[in-house]
Amino acid sequence: MNLPNKITVFRFCCIPFLMAFAYIDFPYHWVATLIVYFIACMSDKVDGIIARKRGLVTDFGKLMDPLSDKSLVFAAYIILIDMGWHTDICLMLMLAREFLVAGIRMAAATNGEVIAANGFGKCKTFLQMSTTGMTFLLLAIGEGSANIDMSTPWLNIYCTIAFWIVTVVAVLSGIVYAKDGWHLIKTK
């Protein structure tokens, strides 16, 4: 297994720590959550740079890198949902998009094709990671302050707006994948 693929697997391994630090209440647990999330998100950028620079792009990486990103982001969304910050419609639309794209990728794999993430999908992932990361940052800042807590109305508003923006991009990204993979969907 090459280095970029090891980094992708590392991202999967970060998820249990992210969940543990978010759910176990100890001093500065949001700081720990933010650090794990930041490192995992940055590993996504690092593995891509290394893979392209050293010519180490593999089918494993093309398939598993997006799955590790999705797993990480949805772990963050689960944390936010448990805190009461969610819009059910947004989450269902994002999940539907992920299943659509995964289905297209599986159909492509049966035909010997590998569909890598496109620019629109990468933009969606960036927005998901940055908006959830910003939420964790605000929670980490709030740990040392009485001014920000989990019931702060403007933080709830921020999360709702961020969810909707990411949902629109996710749906548009799903449409692009469906259009590009239509030859795999339509019957012959």
Side-chain angles (χ1 to χ4, degrees), residues 1-24 26 28-83 85 90-91 94-95 97-102 104-106 108-109 114-143 158-159 162-163 165-167 169-170 173-174 176-177:
M1 183 177 291
N2 66 31
L3 180 58
N5 291 342
K6 287 178 183 177
I7 295 171
T8 295
V9 171
F10 165 78
R11 197 158 42 260
F12 278 114
C13 295
C14 288
I15 294 169
F17 292 98
L18 175 76
M19 302 298 279
F21 291 156
Y23 286 119
I24 298 170
F26 60 89
Y28 299 103
H29 73 103
W30 287 119
V31 172
T33 303
L34 174 64
I35 290 169
V36 169
Y37 193 68
F38 179 78
I39 290 169
C41 288
M42 289 297 98
S43 76
D44 179 42
K45 186 71 174 164
V46 170
D47 71 13
I49 290 170
I50 293 171
R52 284 185 296 278
K53 187 174 182 179
R54 296 184 184 173
L56 299 173
V57 176
T58 63
D59 287 346
F60 176 87
K62 288 178 187 176
L63 291 171
M64 296 308 289
D65 183 71
L67 287 176
S68 68
D69 297 343
K70 290 171 194 1
S71 299
L72 178 67
V73 166
F74 278 100
Y77 281 146
I78 288 168
I79 293 165
L80 298 178
I81 287 166
D82 282 351
M83 294 176 71
W85 296 331
C90 292
L91 191 60
M94 283 190 276
L95 282 171
R97 181 261 184 217
E98 299 306 338
F99 284 118
L100 171 70
V101 172
I104 291 170
R105 284 191 171 127
M106 283 188 266
V114 174
I115 298 177
N118 64 28
F120 219 156
K122 290 179 181 184
C123 176
K124 181 234 10 142
T125 300
F126 171 78
L127 286 174
Q128 286 176 322
M129 288 181 172
S130 61
T131 56
T132 50
M134 178 60 75
T135 304
F136 291 143
L137 174 63
L138 293 170
L139 289 167
I141 291 169
E143 272 185 315
Y158 163 78
C159 287
F163 262 58
I165 290 170
V166 173
T167 299
V169 174
S173 167
V176 170
Y177 276 101

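If you take CG on Leu56 and CE on Met1, they are separated by 13.0 Å, rounding to the nearest 0.5 Å. Rounding to the nearest 0.5 Å gives a distance of 5.5 Å between OG1 of Thr125 and NZ of Lys70. How far CD1 of Ile79 is from CZ of Phe136: 4.0 Å, rounded to the nearest 0.5 Å. Separation of atoms CG (Leu18) and OG (Ser71) is listed at 11.5 Å; rounding is to 0.5 Å. Distance check, rounded to the nearest 0.5 Å: OG of Ser43 to CD1 of Ile50 gives 10.0 Å.
Nearest heavy atom pair, residue Phe26 against residue Ala32, reads CZ-CB, 4.0 Å. Summarising the geometry of Met94 relative to Ala170, their closest heavy-atom pair is CG-CB, 3.9 Å, with the distance given to 0.1 Å. The two residues Tyr158 and Ser130 come nearest to each other via the heavy atoms OH-O, 4.4 Å. Closest approach of Ala140 and Leu34 over heavy atoms only: CB-CD2, 4.1 Å. The shortest non-hydrogen separation linking Gly174 to Arg97 is CA-CG, 3.7 Å.
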Quiz prompt | Trace of the side-chain contact (heavy atoms from CB on, under 4.5 Å) decision for Val166 with Thr132 | solution = CA-CA 10 Å; Val166 173; Thr132 50; over 6 Å; no
Quiz prompt | side-chain contact (heavy atoms from CB on, under 4.5 Å) evaluation trace for Val169 with Phe126 | solution = CA-CA 11 Å; Val169 174; Phe126 171 78; over 6 Å; no
Self-check item: Candidate pair Thr131 and Ile165, rule side-chain contact (heavy atoms from CB on, under 4.5 Å), full reasoning
Solution: CA-CA 10 Å; Thr131 56; Ile165 290 170; over 6 Å; no
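Looking only at side-chain heavy atoms (C-beta outward), Met64 and Asn5 stay at 4.5 Å or farther from each other. Side-chain contact between Ile24 and His29 is absent, with no heavy-atom pair separated by less than 4.5 Å. The shortest distance between side-chain heavy atoms of Thr33 and Leu139 does not fall below 4.5 Å. Taking 4.5 Å as the limit, some side-chain heavy atom of Arg105 sits within range of a side-chain heavy atom of Pro66. The shortest side-chain heavy-atom distance between Ile141 and Trp30 does not fall under the 4.5 Å cut-off. Leu72 places a side-chain heavy atom less than 4.5 Å from the side chain of Cys41.
Listed by chain and residue number, Phe38 satisfy the side-chain contact (heavy atoms from CB on, under 4.5 Å) test with Met42 (two or more places apart in sequence, or in another chain). Partners of Ile39 under the side-chain contact (heavy atoms from CB on, under 4.5 Å) rule, at least two apart in sequence or in another chain, are Phe10, Ile35. Among residues two or more places apart in sequence or in another chain, the side-chain contact (heavy atoms from CB on, under 4.5 Å) test is passed with Phe17 by Phe21, Val36. Applying the side-chain contact (heavy atoms from CB on, under 4.5 Å) criterion to Val73, with sequence neighbours excluded, gives Tyr37, Tyr77, Gln128, Met129.
Between Thr8 and the options Asp44, Asn2, Asp65, a side chain to side chain contact (heavy atoms under 4.5 Å, CB included) holds for only Asp65.
Other residues, nucleotides and ligands place no more than 12 heavy atoms under 6.0 Å from the CZ atom of Phe99.
Screening residues 116-133 for salt bridge (Lys or Arg N to Asp or Glu O under 4.0 Å), with sequence neighbours left out, gives Glu98-Lys124. Within the structure, the ring-ring contact (aromatic ring centres under 6.0 Å, His included) test picks out no pair touching residues 42-66 (sequence neighbours left out).
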